[in-house]
*Asks:* 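Starting off with a structure, shown below.
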Protein chains: 2
Amino acid sequence: MATKRSGAQSKRSRRIDAALHSGQEPRSEPPLSLERIVATAVELLDAEGVDGLKMRRLADRLGSGAMSLYWHVDNKEEVFDLALDSVLEYRGPPQTIESEDWRGEVFHMLEDWRASMLRHPWSASLLPRRALGPNILSRLELLSKTLSKAGVADADLNVAIWSLWNYVVGATFTRASFDLSDDDRAAAQLRLEQLSERYPTIGRSRLLLDNDWDGAFRKGLDLLLDGLAQDEAEG
Amino acid sequence: MATKRSGAQSKRSRRIDAALHSGQEPRSEPPLSLERIVATAVELLDAEGVDGLKMRRLADRLGSGAMSLYWHVDNKEEVFDLALDSVLEYRGPPQTIESEDWRGEVFHMLEDWRASMLRHPWSASLLPRRALGPNILSRLELLSKTLSKAGVADADLNVAIWSLWNYVVGATFTRASFDLSDDDRAAAQLRLEQLSERYPTIGRSRLLLDNDWDGAFRKGLDLLLDGLAQDEAEG
DNA sequence: ACCTGAACACCGTTCAAGT
DNA sequence: ACCTGAACACCGTTCAAGT
């Protein structure tokens, strides 16, 4: 069991391992299951990115034949859907936030959302395909409820939610796409200096080199929430 | 030439067509070129989506052998990059907007940006891969310049630009992913009604069925610009 | 119920070659 | 300089079959 973790096992030894366990009937750990498949898919996506997830490689990591997956899953698409949603679970705000502090709650929810996606950079680029897993819906529901409690009128709720959603998704997306490897970053920097004659303003502001993404995210989010709070006060 | 447009030409007739032209040396239209490749790639992407763009099919549309493309282009990736950037050209604000109206200018720029991407829904999902083509940089440059002229301090410029960029990208992205085919929409609606016990707030607000995306986009953008204008007034 | 290997269709790209 | 067909490596998935 401890050896299972070491990762560099040969295919054959995994087979033997499986054979040993197949004598007993406990569903302890080795047998294939949706849970294991999804968890391993997330690992693989973390390690190799979207293009690195191939059914054969996933099966390999699970120590099973490539086609075994298809009993648990219809498609590769479904693997993507499940992996995406599994990464977006929300555990709720910490106790340090008081329950009347709606702004604090919303802030935490959205920062956590962004953080969850950044922990798995592939998740951002997967979102446009099929977006509505249960965890995403829960997050939207909780966001709606919080804003509603905070006094946002039903008529304004959708705009508020979409604005926040758009901002978070866009920010994650942008961060994931600009946060390149160091090599790429160096190349981009070089190229940009050459281009700063053509694009003087963004050259001067160091727009593309400024990597305080977290700070920028919070400040922008503040702007949005200011707008919402003001609307709410006026309404 | 007129027949070229009709689209349903057989492979053989296209070949003959090419043979007829090969007797002359004018580079009138038929010969392969980066421009033609990119334009045709955009057509193909519009018609078949990201997954529909295959090198062989692209070559077919161009009436050339599949491998001919590789003389003009390194990769399929490069085709994507070029197609994406080609779709994001900006022609500037209309004359109806006065040049001192920075808010109007910014508003137009961002609405146009979003509209351009929505005209080619695949563009949103391509953005995260490689984002910095010349047309995107021009748009960022123009946005920076306008905000700068409007009085946004250099120190706040990056936050302002990223906030707006994030919002636009997120909004386009979201819209593209939720604007499903009618079948899917009907299915989603049905499913959502079943789920509205579990997600009562978003069920009540009809969050996922409300399809006034354009209105929501404008209102949210107003919120952001309000925030920016206020910061600017305070600073 | 759960897993498997062989096989198929498909696709990006290399290569050696044509003009 | 520009284009090409044959061929290779790879990948998702079907199928018929095993236990």
Side-chain angles (χ1 to χ4, degrees), chain A residues 11-12 14-38 40-41 44-45 48-83 126 129-130, chain B residues 11-12 14-38 40-41 44-45 48-83 126 129-130:
Chain A
K11 203 181 230 172
R12 189 193 292 148
R14 251 184 279 126
R15 286 278 158 66
I16 291 172
D17 205 298
L20 284 178
H21 283 277
S22 71
Q24 318 167 337
E25 54 251 53
R27 66 192 55 155
S28 54
E29 282 151 34
L32 226 43
S33 69
L34 241 198
E35 277 186 13
R36 276 191 73 221
I37 291 175
V38 173
T40 308
L44 189 52
L45 284 164
E48 316 260 7
V50 175
D51 292 334
L53 178 60
K54 336 246 179 184
M55 296 304 268
R56 287 175 226 250
R57 234 195 285 192
L58 179 54
D60 242 44
R61 278 209 181 210
L62 288 160
S64 78
M67 293 305 104
S68 312
L69 302 176
Y70 285 88
W71 194 90
H72 301 268
V73 145
D74 279 349
N75 271 339
K76 188 180 174 182
E77 288 275 306
E78 194 181 333
V79 178
F80 279 133
D81 290 352
L82 294 171
L126 241 46
R129 302 283 189 152
R130 288 177 161 264
Chain B
K11 204 181 228 170
R12 189 192 293 147
R14 249 184 281 126
R15 286 278 158 66
I16 291 171
D17 207 296
L20 284 177
H21 284 277
S22 70
Q24 320 166 332
E25 53 252 55
R27 65 192 56 157
S28 54
E29 281 150 36
L32 226 41
S33 69
L34 243 197
E35 276 185 13
R36 276 190 72 219
I37 290 176
V38 173
T40 309
L44 189 52
L45 283 164
E48 316 259 6
V50 174
D51 292 334
L53 178 59
K54 336 246 180 183
M55 295 304 268
R56 287 176 224 251
R57 234 194 288 190
L58 179 54
D60 241 43
R61 278 209 180 210
L62 287 159
S64 77
M67 292 306 102
S68 311
L69 303 177
Y70 285 87
W71 195 89
H72 302 268
V73 144
D74 280 350
N75 271 338
K76 191 180 172 180
E77 288 276 304
E78 195 181 333
V79 178
F80 279 133
D81 290 352
L82 294 170
L126 241 46
R129 302 283 189 152
R130 289 176 161 266

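A, B, ... follow the sequence lines: proteins, then strands. Residue 1 opens every chain.
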*Asks:* Using the C1' atoms only, state how far C:dC10 lies from D:dA9, rounded to an integer number of Å.
*Replies:* 12 Å

*Asks:* Determine whether a donor-acceptor pair (N or O, by modelled atom type, separation under 3.5 Å) exists between the side chain of B:T40 and the backbone of B:R36.
*Replies:* yes

*Asks:* Nearest heavy-atom pair of A:L53 and A:F80: which atoms, and what distance?
*Replies:* CD2-CE2, 3.5 Å

*Asks:* Map every base of DNA chain D to its dot-bracket character, where paired means a Watson-Crick or G-U wobble contact with both distances under 3.5 Å and | marks a partner outside the strand.
*Replies:* ||.|||||...|||||.||

*Asks:* Considering residues, nucleotides and ligands other than A:E35, do more than 12 of their heavy atoms fall under 6.0 Å from its CD?
*Replies:* no

*Asks:* Enter the distance from A:S64:OG to A:I37:CD1 here, rounded to the nearest 0.5 Å.
*Replies:* 7.0 Å

*Asks:* Measuring to OP1 and OP2 of D:dA1, would you say a side-chain N or O of B:H72 lies under 4.0 angstrom away?
*Replies:* no

*Asks:* Locate the shortest heavy-atom distance separating B:K54 from B:K76; write the atom from each residue and the value.
*Replies:* CA-NZ, 4.5 Å

*Asks:* Can you check each nucleotide of nucleotides 9-16 of chain D against protein heavy atoms at under 4.0 Å and return B for base, S for sugar-phosphate only, - for none, in 5' to 3' order?
*Replies:* --BBBB--

*Asks:* Testing B:L44, B:L45, B:V73 one by one against B:L58 for a side-chain contact (heavy atoms from CB on, under 4.5 Å), which residue passes?
*Replies:* B:L44

*Asks:* Can you check whether A:L69 reaches A:L62 side chain to side chain, under 4.5 Å on heavy atoms?
*Replies:* yes

*Asks:* Side chain of A:W71, heavy atoms from C-beta onward: which of C:dT4, C:dC2, D:dC3 has the nearest atom to it?
*Replies:* C:dC2

*Asks:* Do you know which two heavy atoms are closest between A:A59 and A:G65, and how far apart they sit?
*Replies:* CB-O, 3.5 Å

